[in-house]
Structure formats: structure tokens, C-alpha cells
Amino acid sequence: MGKEKKYSVLVVDDSDINRDILNTILSADFKIYEAADGIQALEIMRDSRKKIDLCLLDIMMPRMDGYEVLSVMNKEHIIDYIPVIVISGEQEADKVEKTYDLGALDYILKPFEPRIVRRRVLATVMLFEKQRELSYKLKAQMEENSRKVDEKTGLLSYASFFFACDTLIESGKIEEDYFMVAIDIEHFRLFNDWFGREEGDIYLQELADCLKEYTAGTRAICGYLGGDNFALFAPYSLGLIEQIQERIIDMLEKYGQSIGFGPMYGIFEARDSLYDAQLMYDNAVTAMSDIPGNYHNRVAIYDPGLLKKTGDELIMLSDVQRGMDAKEFRFFLQPKVNMLNGKIVGAEALVRWAHRTKGLISPGKFVPILEDNGFITNLDRYIWEEVCKWLRSWIDRGRDPLPISVNVSQIDVFAGDVAEYFEHLIKKYDLSPHMIDIEITESAYAKEYSLINKTVDRLRKAGFKVLLDDFGSAYSSLNMLRNIKVDVLKLDMKFLDTNEDRENSEKGISIIDSIVGMSNQLGLPIIVEGVERLDQVEVLTKLGCVYAQGYYYYKPMPLKKFEELIKDNSKVERESDGKVSNYKPLHVLEFLRTNLFTDSMINEVLGPFAFFEIVRDKLAVVRVNEQYYRVFSMLGEVTEDEIITSVDRLIDNNSDFIEIFNNASSSKSKSSSGCVIYNSPKGTAKKLYFRVFFLHEREGRKLFCSTIWDITDL
Ligand code: C2E
Ligand code: MG
Ligand code: MG
């Protein structure tokens, strides 16, 4: 027993003699306090200044007996730090046992042997002291643990994180609502495989930095639990999660926009503190099980009824990566044709996987899986670039290019700036945006309307034509066309099968009819895909459709075959923007949706006839029919260019010529007419009568049709 510290013993006995004896035995080693009954005893023990180290307790006492003292000591947790030895004449086992049950450490039977009492008191005090030391050490250790920080990330490590959370919860200092967030990086193992462990560490570091920075100055606790698992215990804020999300998506840009590697966030709302931190975290993890593969929503809040999704899709994903490295992916081209003359006007690039063992795999087998897991963007960007490369090489070989359309998945739009990427590509390969058309599937709009619309706007501003792919599939509504600003509608026959029974067939036709009607009203051209049979071609052309893509004309084909095909110029129809084209026949049906008129009828009935356009206050001729052509060639204008400049000549001579068009567009009846004098190069003056009808305005372009009569001799 150390000289420097004297332990204190409280002797509780109603007998003065017993107290004296015990005092005599123990006073050499201990400082002695005495109490004659239970009430006195408790008063002394509650007095923190007295620092009692042990209590010798009699059972049979007036006012309050030993059992009651033990009970109160339990209730007030005094028994936790003051050990009790009972000294009693009671021998009955039940009664002895009861004192042990109430927390007494030892039992000494009266009459006692003084030396033995001294020994047992000494032993108990020392034992208890040792225990106390041990528990101090333990506590110190725990506290140290709570400050233990993971080296790689600078965040609290596993045990420390939960210790810190529990300490905060127990402190009762939480005033607002908190949430526990489990953060897990999807496909992180794959990330390490693809980019290497070092990049993996950089990723972890970045996520840790995010957590630290965005929670600095708050009571939030951030932990790195090992592997790709992070945890956050913080005042409830979904905005905080959004911030982290945005920064990580930005960071993933340098890994090819693979949002499939983005973190998932499972949230447990800690409304009451009944749960300990570990349990909250476990629930947050459960919440997350719904997220993998859902790239629209990376955040899930705990709901007890969640299911877990598994998959051997991972094997497929690794195989895709291998295939990309081995350059097994390529694209086929499927021509788009003008149904009225069967000529090729462009093509769509469709990806194919030339698998080293499985042969040619069509996109239906792997594109949806890549989309589900957020990895389509790597592949898409690769294909887009391959298409640009091919166009470049085709032009370098002295050929005229045809516009090639590529598919853009909605995932691409989430993953990065699609418009910027296309601009980068055309710059890199020195192409014009008119050579690349962009197909975005209609279903994309159903999910992320505003984001898709923004991307489409930017693409169009950059000069790309955007096609709304798969129109007619489940999501479509005709009214949606009013809000979507695309250049071309791609109507899918698949969804409107005209083959089955008569009733269905008629229904399909009437759907196409109303889509065509609506798109004409909006001035939106249509291309029909999935055209397989002649009867479909007939129905479609009757309804006023002109362009198609389908097995009836061509199946998707390898590049070499496509090149062979378009080397033959007679099979190709090239659009020379806004020019009257000699070799391009006029098909009024493109403009007037009707199956009553044929081209020749219109030529005969309407006479000379042309379409005009006003763009930025400039009037230009867009298309003319044969009779119009005849009128002007008789006047000496024979070439295409002369036909075009004939308008300028008209305007030069007649300041009010353009007024006829302006009147048409502003008048209620949409029509207007007027006479103008035309001075031909031959030197003859002609009086021409124009009857103009305003068709529509789209993106600052006003379209008119007009009849022209030579009334010189009238
Ligand atoms: P999509 O963009 O609507 O492409 C048209 C699909 O219809 C192609 O299937 C084409 O081969 C098929 N097709 C064309 N004409 C006919 C026909 O007359 N009858 C029938 N039954 N089918 C016809 P494919 O090549 O298997 O592509 C399927 C889908 O995979 C595409 O539908 C597109 O959504 C997607 N896809 C293809 N290539 C890519 C790509 O590079 N990136 C992305 N993100 N998706 C792609
Ligand atoms: Mg497509
Ligand atoms: Mg399609």
C-alpha cells in the first residue's frame, strides 16, 4: 500500500463495539469513516469530498438495513465505484446470496477474525483499484482510437468514426436532424482494373477531400471505413450530397465520363437517437442496394423493403473493356433513302461487336447493359470518333461525303458535355457539322426533359442536325412534339405495325397519318425506320412520307460495302442546302401532304410554282417545279444559279416584291398577291403575277409557296 495515499474505508454498523473493533484493526492502513445506520452511510458515500474506497456493511440495522443500502447504491450507481464487503451474523444461504445479488463483493461472517478482515479489505481495495486503473487505460485507449485518422484519406478510420458518432449522440448535443450517409463507389474494383490502383487512390483521396471541405466548420463527422466505403454523419442536407456528386462527376471526366464509377449514397435519417451509429450505417447501406445501375438517381433513403440486385453483368463489363482495348468494336452503316426515287441520302452508324470468340454481336445484346451500368459513353465516343475518321478519309480520297447519323444515349448526356465533344471532333477531323447527324432516342425525353433539351439546343446551335429516334414508341405523345426542338422525326415502324390484322393495320396507318399531319404543321421532316415491305412504302408515300431506312432498301452493312455502293453517283441524292437542284426532281408531296395530287397534276393545275423562304429579311427561292423552270428558261435563265438569282433581279426591279411575301405572312388569310416587272437578261420586260401563300415559320425561316403567271400579254 503506497505511503503517499491512504485509502478510506466506511464502517457501517449499529453496534458501537463492532465499529470500534474494526476501527482498531484497520486504522493503521486506512482512513476510517463510521456510520451507525444505512441513512448515515449513504450520506457519507454521496459526499464526493470523502472519496470512500470501500464500504464494510452490516445487514441488520435500524432505520435502514444493509439490503436497502445496497439497493440504493445500485440505483444511484454508487456500487460502480465503491466496493462493498458485507459483515453479518446471518448464515442463511439465501440471505447471503441476496447480498451478492445486490452487488456486494465479499461476505464476512460474524464473529470475525480481525487479521482476516484486514487482509480481505486490503485485497478488495487493491483489486478494485487495479480494475479502475485498467478501465482508465481502456477509456484512454478508446479516446485515442477516436482520434485515429486514416493515413490515405485523412478521415477517421472505422472504429474512430463510430466511436465519434456514438459520443456525439450520447452527449445529447445534437439539436437538429442528422443523417447517416453510407457512400460506396460503384464498380470500384473495375475502376482499379481499368485505370490502376494509383488512380484508384486518387479517386478515394478526392472523395475524402470533398467530404472534408464541404463539411468544414460544421459538426459533421466523416469516416473512411476502408475499401471504397465512406461514411458521413452530419446535419441533414441533401444539398451537401448534391455538391459532392457534382464534383465527383466533374472529376470522372478525365476517365472518359464513366458515371458508372460514380459513388452511390445511402441515407438513414436519424430523427431519434435510439439507434447507435453502426446500426444507422447498416441501414444506410441497405438503402443503397437499390441504386446500382440507376444513373438518374444516385441517392436512396432508407426504406425497410428494399431488394438487392446482383448480376454477372460485371463479367460482361470487363469483357467489353477488353474488347475496346482489342478494337473489336466497329460500326456498320445502314443507308437512308428517298422512297420516291430510291436514292441514298445518308446513313446511320450502328455499332457492332466483332467478338474474338462469339462472332458478331448486335448492340441489343450489350448496349442496354452498358447503359444500365453507365458505361455506354466510352463506347459511344469511340464510335463517334471512328465515324469522323471515316468521313475524313472518304473526303481525303476525293469523294463527296453523305451525312452520317450517330446514336447518342441519354446516359451520354448525363456523363458530360455532348455538344462540346462533337464540336471537338469536327474540329479535330476538319469536318462540317452538316456531315454528322445526331440521333437521340425519344425515351430520353421522358426522363430528363430539360437536360436533354438543353443539350439538343446546343447541338443545333453548333450546326448539327438532331433526329428524334424511335418516335412512336411507348412514350410518344404528339403534343410533346410542340415542345421538343429537333430537326427530324425518326418514326419507327416497329411500334406501328401495319402488318397484323386489318383493324390493327388501319390503326397503325391512322397513327402515322396523324403524326405526319402534325409534323407537317410544325414543318418537321420525317424519316421512317424499319421499313421492310413494299406495301409499307406505298402506304407511307401516299401519306406524304419521303425518307426511309429499312431492310426493304438496305440492311446495315460494313464500311467497304457502303463505300462501293455510294461510289455510284446515280444511287445517291445529295442535299445542296437551299439550292434548286436540276437533277433533284420536285416532289410537291414533301410539302403538301395529300394523296389526291400527283406531281404532274400539280404542275398542270397550278402552273409555274415555287417555294420561297425569307431568312434574316432575305428572300430566296427554295424549290421550283418544271413549269416555273420553263418560264424562266424561256426568258433566258437556263442554269440553276440563274434561277436563284432571278429572285434578286425581281427584288432589284421592284421594291415592293418582298412586300407581297410580308403581307402574306402578316395577313389573316396567309395569302397575298401582286404584279411585278421582270427584266430578263435578254432585255425583254415581262409582267409577272405572284400569288403567295405563307406556310409556316420555324427558327426564323419563313416558308412560302407561290404561283407565278406571265401576264405580259393580258
Ligand atoms: P436504332 O438507333 O433505332 O437503330 C435502328 C435499328 O433498327 C438497328 O438495329 C437496325 O439494324 C434496325 N433496323 C433497321 N432497319 C430495320 C428493318 O427494316 N427491320 C428491323 N426489324 N430492324 C431494322 P441495331 O443495329 O441492332 O441497333 C439497335 C439499337 O441499338 C439502335 O436502335 C440503337 O438504339 C442502339 N445502338 C446501335 N448503335 C449504337 C451506338 O453506337 N451507340 C448507342 N448508344 N446505341 C446504339
Ligand atoms: Mg438510331
Ligand atoms: Mg431507332
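No hydrogens, no waters, no symmetry mates; every other heavy atom, side chains included, goes into these values. For ligands, and for the atoms within them, numbers begin at 1 and follow the listed sequence. Just so it is clear, the structure is predicted and the values come from calculations on it, not from any experiment.
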query: Counting heavy atoms only, which of V408, N407, D380 is nearest atom 42 (N) of ligand 1?
result: D380
- prompt: Looking at atom 32 (O) of ligand 1, is any protein heavy atom nearer than 4.0 Å to it?
  reply: no
task: Identify, for atom 5 (C) of ligand 1, the protein heavy atom at the shortest distance, and state residue, atom and that distance.
output: E529 OE1, 3.4 Å
- request: Look at ligand 1 and say whether M493 reaches it with a heavy atom at a distance under 4.0 Å.
  value: no
query: Does P556 have a non-hydrogen atom less than 4.0 Å from ligand 1?
result: yes
query: What angle sits at the Mg ion (ligand 2) between OE2 of E348 and OD1 of N407, to 10°?
result: 90°
query: Does atom 7 (O) of ligand 1 have any protein heavy atom closer than 4.0 Å?
result: no
- prompt: In Å, rounded to the nearest 0.5 Å, how long is the span from CD1 of I512 to CE of M493?
  reply: 4.5 Å
query: Can you name the residues that form a salt bridge (charged side-chain N to carboxylate O under 4.0 Å, His left out) with E385, not counting sequence neighbours?
result: K428
- request: Would you please determine whether E348 falls within less than 4.0 Å of ligand 1 on a heavy-atom basis?
  value: yes
query: Is the distance between the ring centroids of F261 and F188 less than 6.0 Å?
result: no
message: With respect to Y551, determine whether any N or O atom, backbone or side chain, lies less than 3.5 Å from an N or O atom of ligand 1.
response: yes
query: Between D568 and K571, is the closest basic N to carboxylate O distance under 4.0 Å?
result: yes
message: Which of the numbered atoms in ligand 1 are under 4.0 angstrom from any heavy atom belonging to S409?
response: 44 (N)
message: Show the atoms of ligand 1 that are less than 4.0 angstrom away from any heavy atom in Q334.
response: 10 (C), 14 (C), 15 (N)
query: Counting only protein N/O/S, how many atoms fall short of 2.8 Å from the Mg ion (ligand 3)?
result: 4
Atom indices of ligand 1, in the order listed, that fall short of 4.0 Å to a heavy atom of E532: 17 (C), 18 (O), 19 (N), 20 (C), 21 (N)
